[in-house]
Amino acid sequence: MSAKIRLYVEHPLGAGQSIPLERDQAHYLFGVMRQALGGHVALFNGVDGEWQAEITEAGKRGGTLTCVAQSKPLQMPPDLWLLFAPIKKARTDFIVEKAAEMGAARILPVGTEYTNSERIRQERLQAHAVEAAEQCGGTYVPEVCDLQKLSQLLDHWPAERQLMFCDEAEVGNALQLAAQTHSAAPWAILIGPEGGFSDKERKRLHAMEQAHVVSLGPRILRADTAAVAAMTLWQQSLGDW
Ligand code: SAM
């Protein structure tokens, strides 16, 4: 038995455990996906791995799933944060979705001097991360944090966390992430806004002991492309690919 439908639930999972369905989940399973009593669904909650569950109650406004057997253990991503400056809505959604698929442990929208967007809808972005984990087979959902100022985040930057600083000023320079650099350390990737980093920010970042300044090639990439490219490079050199 291996269910095609995967659902994230905020409920403990274990053999024989019953999981009550919320209204929108019941609507999705029974209304949209046409599932019925006895059908199977894969569940994960970000903690207990993936479980195969059977539909044991089905109604218009709710239902119950019962866990049968674990089908995957919890697989944690590497301890990698993605810091990015929010851009237009659809492109910000894209960054969150791709970061969750590509194995970020935490997603941190940051306000920089040239950031276009002053607000984000954190709950909406978190829902995108959940959907991405549902569809990519992941058993972990990265936390999407509220928007915070980059300068304040750097004020309290953890001493051991290395920072892959993607600096558009280095476009075309051969500055790559060295494989095996601080391979056991926690890491973060920093992607700037459409307007790039200010001189003040660049100076501060270059002076950070934990910063590894990186170029993403001979062309300036849009921030969403840059986020995917940087995560690919990091995963290839230091991650779990
Ligand atoms: N307005 C900036 C300019 O014209 O120089 C470009 C900013 S770019 C659209 C957005 C972000 O993507 C940058 O702040 C940087 O973090 C990253 N990025 C894009 N292309 C890059 C490259 N070739 N090397 C390093 N970082 C890059």
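Any value given below was found using the heavy atoms of this structure, including those in side chains, with hydrogens, waters and symmetry copies removed. Order of listing sets the numbers, starting from 1, for every ligand and every atom in it.
At distances below 3.5 Å, at least one donor-acceptor pair connects side-chain atoms of D48 with backbone N or O atoms of L13. When atom types are taken as modelled, the side chain of T92 and the backbone of I87 share a donor-acceptor pair closer than 3.5 angstrom. With hydrogens and angles disregarded, a donor-acceptor distance shorter than 3.5 Å links the side chain of R6 to the backbone of A133. The backbone N or O of E10 sits nowhere less than 3.5 Å from a side-chain atom of N45 that would complete a donor-acceptor pair.
Using a 30° and 60° split on the angle between ring planes, F197 and F165 fall in the perpendicular class, above 60°.
The backbone of V214, and not its side chain, has at least one atom closer than 4.0 Å to an atom of ligand 1 (non-hydrogen atoms only; backbone = N, CA, C, O). Contact annotation for P218 and ligand 1: no heavy atom of the residue comes within less than 4.0 Å of the ligand.
Atom 15 (C) of ligand 1 has C166 O, 3.2 Å as its closest protein atom, hydrogens excluded (heavy atom only). In terms of protein heavy-atom proximity, atom 10 (C) of ligand 1 is closest to P193 O, 3.2 Å. The closest protein non-hydrogen atom to atom 23 (N) of ligand 1 is R219 O, 2.9 Å.
Interface atoms of ligand 1 facing D167, defined by a heavy-atom separation under 4.0 Å, are 24 (N), 25 (C), 26 (N). When each atom of ligand 1 is checked for a heavy atom of G195 under 4.0 Å away, the hits are 1 (N). Counting atoms of ligand 1 from 1 in the listed order, those under 4.0 Å from a heavy atom of S215 are 24 (N), 25 (C).
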Please determine whether ring-ring contact (aromatic ring centres under 6.0 Å, His included) holds for the pair W81 and W234, giving the CA-CA distance in whole Å, both sets of side-chain angles, and the decisive distance to 0.1 Å.
CA-CA 11 Å; W81 296 355; W234 189 90; over 10 Å; no
How far apart are the C-alpha atoms of D155 and R204, what are their side-chain angles, what is the distance that settles it, and do they pass the salt bridge (charged side-chain N to carboxylate O under 4.0 Å, His left out) test?
CA-CA 11 Å; D155 286 344; R204 178 170 188 188; 2.8 Å; yes
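Checking only distances, E168 does come within under 3.5 Å of ligand 1, N or O to N or O. Taking only nitrogen or oxygen atoms, main chain and side chain alike, L221 reaches within less than 3.5 Å of ligand 1. Considering backbone and side-chain N/O atoms, G192 comes within less than 3.5 Å of an N/O atom of ligand 1. Looking at L216 next to ligand 1, an N or O pair under 3.5 Å apart turns up. Checked against a 3.5 angstrom limit, the closest N/O atoms of F197 and ligand 1 fall outside it.
Of the charged side-chain nitrogens involved, at least one lies within less than 4.0 Å of a carboxylate oxygen, so that E168 and R202 count as a salt-bridged pair. Contact check on R106 versus D79 returns no salt bridge, with no Lys/Arg side-chain nitrogen under 4.0 Å from an Asp/Glu carboxylate oxygen.
Between atom 7 (C) of ligand 1 and the options E194, E201, R202, R222, the minimum heavy-atom separation is to E194. When A230, A226, A169 are ranked by how near their heavy atoms come to atom 12 (O) of ligand 1, first place goes to A226.
Atom NZ of K72 has more than 12 neighbouring heavy atoms from other residues, nucleotides or ligands inside a 6.0 Å radius.
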